[in-house]
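First up is the structure itself, then whatever we jot down about it.
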Amino acid sequence: MSERVLVVDDDMRNIFALNTVLERYGMKVAFAENAKEGISLLERDPAVELVLMDVMMPEMDGPTLLREMRRTRPDLGEIGGNRSLATWP
């Protein structure tokens with residue numbers, strides 16, 4: 001069974017690039033173009049095991065998105081695209 005990854009980014013070029021690479025490794029990729037869509041997708045798809053996200057998006061920044069996602073799925077792995085998450089609690 002392949003891993004299910006959710007990519008949340010407001011830049012479709014990044015989504016396309018990540019999707020291309022992840023699919024080569026047999027991963028199934030879902031994507032959202034904004035934080036609210038990402039949260040909604042995560043709530044509807046319990047198979048998602050990892051979230052790759054941009055931390056500088058309009059409407060909701062990465063740390064806020066991360067808090068919301070952790071409320072929904074505290075077991076979820078995440079990788080942020082900005083070093084500011086390294087100091088985030």
> Under the side chain to side chain contact (heavy atoms under 4.5 Å, CB included) criterion, do Lys28 and Val5 qualify, and how do the steps go?
Replying inline: CA-CA 6 Å; Lys28 303 247 185 239; Val5 178; over 6 Å; no

> Can you list the steps and then say if Val51 with Val8 is a side chain to side chain contact (heavy atoms under 4.5 Å, CB included)?
Replying inline: CA-CA 7 Å; Val51 176; Val8 183; 4.2 Å; yes

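If you take CZ on Arg4 and CD on Glu49, they are separated by 10.5 Å, rounding to the nearest 0.5 Å. Taken to the nearest 0.5 Å, the CD atom of Glu3 stands 7.0 Å off from the CG atom of Leu50. Between atom CE of residue Met69 and atom CZ of residue Arg71 there is a gap of 12.5 Å, rounded to the nearest 0.5 Å.
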N/O donor to acceptor pairs below 3.5 angstrom from side-chain atoms of residues 17-24, sequence neighbours left out:
from, atom 1, to, atom 2, distance (Å)
Thr20, OG1, Phe16, O, 2.8

Less than 3.5 Å apart, which donor and acceptor atoms pair up between the side chains of residues 31-44 and the rest of the protein, not counting sequence neighbours?
from, atom 1, to, atom 2, distance (Å)
Asn34, OD1, Lys36, N, 3.2
Asn34, OD1, Glu37, N, 2.8
Ser40, OG, Arg44, NH1, 2.6

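Sorted by first and then second residue, the pairs that involve residues 5-16 and meet salt bridge (Lys or Arg N to Asp or Glu O under 4.0 Å), not counting sequence neighbours, are Asp11-Arg13.
Nearest heavy-atom pair across Met57 and Asp54 is CE-O, 3.4 Å.
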